[in-house]
Participant: 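The structure is given below, and queries will be raised subsequently.
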Protein chains: 2
Amino acid sequence: MSTITTLTSALQQAGMRLTPQRTSICELLVDSDEHPTAAMIYETLKPRFASLSLATVYNTLDTLVSLGVVNVLGHAGDDKVHYDADTEPHVNLACLSCSKIVDIPSEHVTHLDAEITAASGYKLLGARVLYYGLCPACQKKQARQATMKRN
Amino acid sequence: MSTITTLTSALQQAGMRLTPQRTSICELLVDSDEHPTAAMIYETLKPRFASLSLATVYNTLDTLVSLGVVNVLGHAGDDKVHYDADTEPHVNLACLSCSKIVDIPSEHVTHLDAEITAASGYKLLGARVLYYGLCPACQKKQARQATMKRN
DNA sequence: TTCCAAATTTAGAATGATTATAAAATAAGA
DNA sequence: TCTTATTTTATAATCATTCTAAATTTGGAA
């Protein structure tokens, strides 16, 4: 599991300075289990840094992604780009109705790396496993609406 | 494996007309193993339909995606959105250097559906499994360049 | 065939996320 | 403190995608 230090020390080892903005972005990514978007990060931190710029958020995210400590999830039902500080093999499961994304540990995903490397000869650098569907709550909601229509 | 009929009949069953433009887009998606982007599809078909509009390409792709017969792959190394007519469980493997995307059949991926459904209670509607790394050719290229620098 | 209404395509404008730029602010070291 | 490189900021620019209204095409009915 990623801690704040995982992200901040990645930045430092890449020779970058640990500014308050960068540290806060890293904290937010690790603390939140909501797979935030760049805009969500910006809005959340704006009260703390009155002069915060979206460019800073994007720059920091890009750096973290290229350092391999953060993953990108796009097209997860809401057409927004989400960021995930958990780079351990796992399944991201997005609800197409309420747009929440949850993480699922998976026996099979943990074995995928070896299987793919053996089959392809590629040198693997990262992964994004995204499933989408309807969460239990939204399934009920849909069933309820269908019933109401019928009556 | 998807055939042209898989896509075209999906459109028809959704009550949509089979126009020449739509048919050609479906053909291209099925025939190509290059996971084309909207822009690539537009450029390829432009000679055949002088008046083709990008809006038509986007509309058709969106429809096919929402019908579940085409998948979307974003952030596959080249920051472009690719489309994949193969919706069977498999791994998409993207090379970060040459940006080609290949499909890998996988024993583990075929079992993921059942595992995720059991673990989450979600009703699954689709999936996108994207790994990225360096293909064998690009690994050699990188090794060669490292050698040249040393000398 | 001809006509009609609905669906579709088209061209171009609008949107909106992301990127680029240049100036101001900040941090680290001498 | 002074100096210099890095970083942040504000704003402009870019570009993929979506929207809109008009023109075209389609399939069915007469």
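Keep in mind it's a predicted model, so treat the numbers as computed, not measured. As a basis for the values below, the full set of heavy atoms in this structure was taken, side chains included, without hydrogen atoms, waters or symmetry mates. Just so it is clear: chains get the letters A, B, ... in the order the sequence lines come, proteins before strands, and each one is counted from 1.
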Participant: Take nucleotides 5-14 of chain D nucleotide by nucleotide from the 5' end and write B, S or -, depending on whether a protein heavy atom sits under 4.0 Å from the base, only from the sugar-phosphate, or from neither.
Facilitator: -BSSBB----
Participant: Mark yes or no for whether N59(B), through its side chain, and A55(B), through its backbone, hold a donor-acceptor pair below 3.5 Å.
Facilitator: yes
Participant: To the nearest Å, give me how far apart NZ (K80(A)) and P (dT18(D)) are.
Facilitator: 13 Å
Participant: A side-chain contact here means heavy atoms from C-beta on lying under 4.5 Å apart; do L29(B) and Y83(B) qualify?
Facilitator: yes
Participant: What is the distance from CG of L54(B) to P of dC15(D), rounded to the nearest Å?
Facilitator: 14 Å
Participant: Does the E115(B) side chain pair with the main chain of E107(A), one donor and one acceptor, at a distance under 3.5 Å?
Facilitator: yes
Participant: Just how far, in rounded Å, is P of dG16(C) from OH of Y42(A)?
Facilitator: 16 Å
Participant: How about D84(B) and H90(B): does a side-chain donor come under 3.5 Å of a side-chain acceptor?
Facilitator: yes
Participant: When all nucleic acid strands are considered with a 4.0 Å heavy-atom cut-off, which category describes D62(A): base, sugar-phosphate, or nothing?
Facilitator: sugar-phosphate
Participant: Rounded to whole Å, how long is the line connecting atom CG of L11(B) with atom P of dA7(C)?
Facilitator: 15 Å
Participant: Closest approach of D78(B) and H82(B), non-hydrogen atoms and distance?
Facilitator: OD2-NE2, 3.0 Å
Participant: For A50(A), does its backbone N or O pair with a side-chain atom of K46(A) as donor and acceptor, under 3.5 Å?
Facilitator: yes
